[in-house]
Student: 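Starting off with a structure, shown below.
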Amino acid sequence: MGDVPPEINDHLRLYGKEPWEVSYGEECPLCGDPVDEFNLCSCGSGGT
């Protein structure tokens, strides 16, 4: 892991951590996928 150089690592630049470092919590009521610590899910509803 960590194969992407820091200068082009958009995830690290935007969120301050690598994708595998993100924590997930409850399920999104709309799509059922886990909501991450940034309150985001795959459907884009923001977990609300």
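Along the sequence shown, residues carry numbers from 1.
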Student: For Glu21, check salt bridge (charged side-chain N to carboxylate O under 4.0 Å, His left out) against everything at least two apart and list the hits.
Tutor: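 For Glu21, no residue satisfies salt bridge (charged side-chain N to carboxylate O under 4.0 Å, His left out) once neighbours in sequence are set aside.
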Student: Same cluster or not: Leu12 versus Trp20, using hydrophobic residues (I, L, V, M, F, W, Y) connected whenever any side-chain heavy atoms lie under 4.5 Å apart?
Tutor: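 They do not share one cluster, since no chain of ILVMFWY contacts under 4.5 Å joins Leu12 to Trp20.
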Student: Indicate the atoms forming the closest heavy-atom contact of Cys41 with Val35, along with that distance.
Tutor: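 Between these two residues, the closest heavy atoms are CB-CG2, 4.3 Å.
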Student: For His11 and Lys17, which heavy atoms make the closest approach, and how far apart are they?
Tutor: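 Of all heavy-atom pairs spanning His11 and Lys17, the closest is ND1-O, 2.8 Å.
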Student: Atom CG in Leu30, atom SG in Cys43: separation rounded to 0.5 Å?
Tutor: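 If we round to the nearest 0.5 Å, Leu30:CG and Cys43:SG are 5.0 Å apart.
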Student: Going through the distances and angles, do Leu40 and Tyr15 end up as a side-chain contact (heavy atoms from CB on, under 4.5 Å)?
Tutor: CA-CA 12 Å; Leu40 301 172; Tyr15 302 109; 4.1 Å; yes
Student: For Asp36 and Val22, work out which heavy atoms get closest and say how close.
Tutor: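 What the structure gives for the nearest pair is CB-CG1, 3.6 Å.
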Student: Side chains of Val4 and Glu18: closer than 4.5 Å at any heavy-atom pair?
Tutor: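 Not touching, per the 4.5 Å side-chain cut-off.
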